[in-house]
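Proteins come first, then strands; the chains are lettered A, B, ... in the order of their sequence lines, and each starts at number 1.
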Number of protein chains: 2
Amino acid sequence: MKQTKISEAVVKRLPLYLQVLNELHAREVQTVSSQELGVKLDLNPAQIRKDLAYFGEFGRKGVGYDVVYLIEKIRQILKVNQTIKVALIGAGNLGLALCNYNKYSKDNMQITAVFDNHPEKVGSSIGHLTVQPMSKLAESIKEHNIRVGIITVPAHEAQNVANELTNAGIEGILNFAPAILRVPEEIRIHYADFTKELLSLAYYLNHEGDENDESAMDTE
Amino acid sequence: MKQTKISEAVVKRLPLYLQVLNELHAREVQTVSSQELGVKLDLNPAQIRKDLAYFGEFGRKGVGYDVVYLIEKIRQILKVNQTIKVALIGAGNLGLALCNYNKYSKDNMQITAVFDNHPEKVGSSIGHLTVQPMSKLAESIKEHNIRVGIITVPAHEAQNVANELTNAGIEGILNFAPAILRVPEEIRIHYADFTKELLSLAYYLNHEGDENDESAMDTE
DNA sequence: TAGATTGTTAATCGATTAACAATC
DNA sequence: TAGATTGTTAATCGATTAACAATC
């Protein structure tokens with residue numbers, strides 16, 4: 001086992017491995033090879049072996065990986081078993097959707113508090129949670145040991161919310177608003193902005209065939 | 001202007017550039033340098049210049065980039081002006097959120113039809129759209145020239161929906177379900193699965209400090 | 001002109017892939 | 001043993017960054 005610096009690319013793939021392994025487990029598959037995983041995920045088998053080897057020796061030569069054992073190991077690496085408390089800011093449609101989503105999934109993240117600054121939202125119920133005013137944010141985060149904030153407010157309010165989360169001592173942010181946020185570097189920020197995903201998708205739809213089509217360049 | 005193969009990494013950054021440029025434009029900034037863009041986006045200025053140079057010469061030496069002109073150029077590259085019709089499959093909370101989102105944004109994608117297979121959903125209204133049964137999918141996609149499908153059904157139904165979209169002749173898919181989908185390679189598929197984003201976020205929260213902590217390595 | 005900043009080539013860095021000894 | 005597949009080193013590939021001539 002070695003423990004050099006793990007690259008972001010590797011960490012991003014771990015949840016993918018976990019997902020496929022869970023599917024295999026559901027189908028009662030006992031063992032899987034890097035080759036098979038590679039086919040399912042469109043990844044090079046050597047890459048998968050290398051990724052896993054950063055964290056330990058989980059396979060058996062000539063055999064492959066035990067599905068249950070590898071699931072357990074990856075869950076340990078991601079520390080999935082330990083539930084992290086999350087505050088959601090922005091009780092709009094998307095916020096509501098995430099809260100509901102949260103109820104059904106046995107995820108490692110649990111939405112523990114919901115905040116919104118619109119008077120008509122404050123006090124309303126989402127599942128068993130009551131929407132609180134933003135003025136309660138810092139207090140609530142400290143009281144309940146909330147470590148992550150999910151931002152689902154409009155883009156122009158996102159930076160303000162990020163600032164308040166920062167001041168309240170949050171450790172990580174998942175931002176759904178289509179805005180780039182400035183936070184201190186000790187705070188981990190991930191983006192879940194599907195508008196950008198749609199834009200890049202549009203690029204590929206409209207440039208379909210460019211790759212084989214050297215002649216079609218529009219040079220002025 | 002050259003037009004070699006554009007890498008995915010470059011295409012992913014174009015929407016970021018557009019976003020920052022739009023913000024600058026809103027603040028009536030006329031001109032911006034790659035240096036300034038780099039600070040805002042945490043990117044190397046040389047990278048920004050190189051990315052843009054794949055598509056043309058948009059800047060002026062000694063001056064920088066004209067904000068309005070560059071916005072226009074990037075919009076042309078992404079073909080944002082041309083509206084692409086989208087079908088949404090899965091009229092749950094998330095689907096509803098996306099429909100509503102769609103109403104307000106002047107995006108390049110427009111949700112034109114909504115489908116769901118639950119009898120209690122079919123026939124209900126979302127904005128000015130009526131939820132249709134899945135049996136109408138292929139017909140509707142062809143009739144309205146719908147090019148993209150957004151999948152917001154539960155994970156275990158996602159592959160079926162992807163298959164139906166494929167058969168209906170869709171060109172691109174944005175998948176919100178936490179599932180890896182098999183589609184023919186001519187279909188472009190993008191993932192917007194925030195559960196994976198949360199898992200990798202959890203990794204970093206729990207491994208905070210690993211990087212500066214050479215002594216804590218368990219080497220042989 | 002002097003200062004700034006682009007577009008682009010060359011150098012560097014890091015990530016992916018190939019190859020293979022070890023071994024189940 | 002023969003076949004399969006890991007873990008890991010070395011080779012390759014591609015993306016990022018540095019450097020700088022061109023020029024506004």
Reckon A:Tyr65 has a side-chain N or O less than 4.0 Å from the OP1 or OP2 of D:dG7? yes
Residues in residues 29-36 of chain B with a heavy atom under 4.0 Å of DNA chain C, by number, are B:Ser33, B:Ser34
In B/S/- notation (B base, S sugar-phosphate only, - none; protein heavy atoms under 4.0 Å), nucleotides 18-24 of chain C written 5' to 3' is BB--BBB
Discussion item. Counting C-beta onward and ignoring hydrogens, is there a side-chain heavy-atom pair between A:Ile71 and A:Tyr17 closer than 4.5 Å?
Written reply: no
- Task: Compare all side-chain heavy atoms of A:Leu37 with those of A:Leu24 and state whether any distance is below 4.5 angstrom.
- Result: yes
Residue pairs passing the salt bridge (charged side-chain N to carboxylate O under 4.0 Å, His left out) test with at least one member in residues 197-207 of chain A, sequence neighbours excluded, are A:Glu197-B:Lys12
Applied to residues 145-170 of chain A, the salt bridge (charged side-chain N to carboxylate O under 4.0 Å, His left out) test, sequence neighbours excluded, yields A:Arg147-A:Glu171
Ring pair (Phe, Tyr, Trp, His ring centres under 6.0 Å) pairs touching residues 64-96 of chain A, sequence neighbours excluded, are none
For residues 146-176 of chain A, the ring pair (Phe, Tyr, Trp, His ring centres under 6.0 Å) pairs (sequence neighbours left out) are A:Phe176-B:Phe194
Note: contacts of residues 9-22 of chain A with DNA chain D (heavy atom, under 4.0 Å) are none
In B:Asn160, B:Asp116, B:Leu137, the residue satisfying side chain to side chain contact (heavy atoms under 4.5 Å, CB included) with B:Ile89 is B:Leu137
Stems for DNA chain C (at least 3 consecutive Watson-Crick or G-U pairs, under 3.5 Å) come to C:3-24 with D:3-24
When rounded to the nearest 0.5 Å, the distance separating CG of A:Asn93 from CG of B:Leu96 is 5.5 Å
Sorted by chain and residue number, the side chain to side chain donor-acceptor pair (under 3.5 Å) partners of A:Asn163 (sequence neighbours excluded) come out as A:Gln159
Under 3.5 Å, side-chain donor or acceptor atoms of residues 177-184 of chain A against the rest of the protein: list the pairs with distances, not counting sequence neighbours.
| from | atom 1 | to | atom 2 | distance (Å) |
| --- | --- | --- | --- | --- |
| A:Arg182 | NH2 | B:Val39 | O | 2.5 |
| A:Arg182 | NH2 | B:Lys40 | O | 3.1 |

Residue set satisfying side chain to side chain contact (heavy atoms under 4.5 Å, CB included) with B:Asn81, at least two apart, ordered chain then number -> B:Glu72, B:Arg75
With sequence neighbours left out, the residues meeting side chain to side chain contact (heavy atoms under 4.5 Å, CB included) with B:Lys79 are A:Asn206, A:His207, B:Gln82
Rounded to whole Å, CG of B:Leu43 lies from P of D:dT16 at a distance of 9 Å
